[in-house]
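Please read the structure below before turning to the comments.
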Amino acid sequence: MFWENSASKINILHFYMRLHNVSKTAGFRGWWFQKHRLASMATQTASSLPFVPNSPPLDCAQQEQLQQFIYSSQQLFVMTGAGISTESGIPDYRSEGVGLFAKTDRRPIQHKEFIQSASARQRYWARNFLGWSQFSSHEPNAAHWALNYWEKLGKLHWLVTQNVDALHTKAGSQCLTELHGCTHRIICLGCGLRIARSELQDRFIALNPMWTAEVQGVAPDGDAFITEEQIIHFRIPACATCGGILKPDVTFFGDSVSPAKVTDVYQHLSESDAVLVVGSSLQVYSGYRFILAAYEKKLPIAILNIGPTRADHLASVKVASRCGKVLPEILTLRET
């Protein structure tokens, strides 16, 4: 665990001494709070992590390989997936035994269905309205904080997340691309107006003051599980500016990431000297293509993910363990 031996204690002290030096602008009290928060979250046990699949004991040799991999990089490119957020209490889709696909036949809404069907939008927003309070309350875990610290230290050049949960933003990451968007933002498909999801929640409440439904679970995108009978009376607002359709500012299944965003990520990748994949099986091509590009550029690739990934054969280092366990223990980052 986090405090297993004296060497770990020394590494932790060295890291926090450096972190204090680079975080003076944030204030000592803020640094001290985050330090203890990181330490406490790294000691979580499997029983407190219901959405994290079982993993073998951490291989010390593999951990040392990953640590050396991080040490050797001066411009690290990191891609994260749903596996980094399961330790924050957000289920993923594909994890063996605990993912949504393993536990239910429910599937996320398709882009075409949302655009073309008013009843599909009503069903989506009714479920999302009920699930939003729980989904939006999730907080970053030790892995999110660790990556933010690496950014402050100048080790992490760019972070790309496939997640739509805003946890990297909550942790303070700024060198960040949300590849599939963010559920905390809403966009009008008519005029392009963007508003905060919290503002839309207030409008839902105003339109549906007496509407209630029993929530039977919440999906990785914040979609609550309720019956069809509960949905039919739910009212959804239109854009206040043009009357257009409101949609989460995310890339639904069946849609494509914008070319401009893809180009921007390729640019950051070209500026990097190594790639680390964290908590992603890379089954979705929108993320996998960047790992293929890194391999073609002969950039070294490391993967931290409990289960198998689509890019295991491309990686020089693979660690099958919890993100929140491993990343905070890579502490003694060398001067860059």
Side-chain angles (χ1 to χ4, degrees), residues 51 81-83 85-86 89-95 98-136 138 161-167 178-190 192-201 203-204 207-208 211 213-239 243-258 261 280-281 283-288:
F51 301 119
S85 293
T86 54
I90 300 177
D92 66 5
Y93 289 113
R94 297 180 177 84
S95 287
V98 295
L100 181 67
F101 291 168
K103 300 174 72 173
T104 177
D105 59 359
R106 294 179 182 270
R107 295 296 182 265
I109 192 168
Q110 297 287 312
H111 177 78
K112 183 177 180 181
E113 181 185 14
F114 185 92
I115 298 300
Q116 295 183 348
S117 171
S119 62
R121 292 194 295 274
Q122 181 189 41
R123 181 171 62 252
Y124 174 86
W125 281 123
R127 293 174 173 176
N128 191 269
F129 167 71
L130 288 172
W132 180 248
S133 178
Q134 177 180 335
F135 182 79
S136 61
H138 291 294
T161 185
Q162 301 170 86
N163 301 334
V164 297
D165 52 33
L167 293 187
E178 294 171 319
L179 188 63
H180 298 146
C182 180
T183 56
H184 289 248
R185 297 187 301 269
I186 303 298
I187 186 171
C188 172
L189 298 181
L193 177 72
R194 283 178 167 83
I195 62 173
R197 176 62 181 80
S198 57
E199 179 180 335
L200 182 61
Q201 191 75 354
R203 295 183 64 190
F204 281 138
L207 282 174
N208 302 277
W211 187 85
E214 182 180 350
V215 178
Q216 302 169 355
V218 179
D221 59 357
D223 187 12
F225 302 150
I226 59 178
T227 65
E228 292 297 323
E229 292 76 15
Q230 296 172 309
I231 293 171
I232 57 176
H233 298 297
F234 186 77
R235 299 174 63 193
I236 59 176
C239 174
I245 295 172
L246 297 177
K247 172 185 172 293
D249 192 10
V250 301
T251 302
F252 281 143
F253 282 79
D255 194 11
S256 300
V257 178
S258 72
K261 185 177 290 188
S280 177
S281 64
Q283 292 301 311
V284 178
Y285 181 74
S286 59
Y288 179 55

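Treat the numbers as computed from the prediction; the structure is a model and nothing was measured.
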[X] side chain to [Y] backbone, donor-acceptor under 3.5 Å:
X: Arg235; Y: Asn208; value: no
X: Thr86; Y: Gly83; value: yes
X: Asp165; Y: Leu167; value: yes
X: Gln122; Y: Phe234; value: yes

Where do [X] and [Y] come nearest, in terms of heavy atoms and distance?
X: Ser136; Y: His184; answer: CB-CE1, 4.0 Å
X: Arg203; Y: Pro237; answer: NH2-CB, 3.4 Å
X: Gly243; Y: Ala238; answer: O-CB, 3.5 Å

[X] side chain near [Y] side chain, heavy-atom distance below 4.5 Å:
X: Cys239; Y: Leu193; value: yes
X: Pro248; Y: Phe114; value: yes
X: Leu207; Y: Phe129; value: no
X: Leu246; Y: Leu189; value: no

With sequence neighbours left out, write down each residue that passes side chain to side chain contact (heavy atoms under 4.5 Å, CB included) with [X], or none if nothing qualifies.
X: Arg197; result: Trp125, Asn128, Trp132, Ile186, Leu200, Gln201, Phe204
X: Glu113; result: Ile109, Gln110, Ala120, Arg123
X: Ser280; result: Gln162, Val277, Leu282
X: Thr251; result: His180, Asp255, Val257

Q. Salt bridge (Lys or Arg N to Asp or Glu O under 4.0 Å) with Arg185: which residues, sequence neighbours excluded?
A.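 Testing Arg185 for salt bridge (Lys or Arg N to Asp or Glu O under 4.0 Å), a comparison that skips the adjacent residues, returns Glu178, Asp249.
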Q.
How long is the straight-line distance from CD1 of Ile245 back to CD1 of Ile187, given to the nearest 0.5 Å?
A.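 Ile187 CD1 to Ile245 CD1: 12.5 Å, rounded to 0.5 Å.
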Q. How long is the span from the CD atom in Gln116 to the NE2 atom in His111, to the nearest 0.5 Å?
A.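 Between atom CD of Gln116 and atom NE2 of His111 there are 9.0 Å.
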(Q) For Tyr124, does the six-membered ring have the charged nitrogen or CZ of Lys247 within the cation-pi criterion, i.e. under 6.0 angstrom from the centroid and within 45° of the normal? (A)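 That pair does not qualify as a cation-pi contact.
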Q.
According to side-chain hydrogen bond (donor to acceptor under 3.5 Å, both in side chains), who are the partners of Ser117, at least two apart in sequence or on a separate chain?
A.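 For Ser117, the residues satisfying side-chain hydrogen bond (donor to acceptor under 3.5 Å, both in side chains) (neighbours in sequence not counted) are Ser119.
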Q. Going through the distances and angles, do Leu179 and Ser286 end up as a side chain to side chain contact (heavy atoms under 4.5 Å, CB included)?
A. CA-CA 8 Å; Leu179 188 63; Ser286 59; 4.3 Å; yes
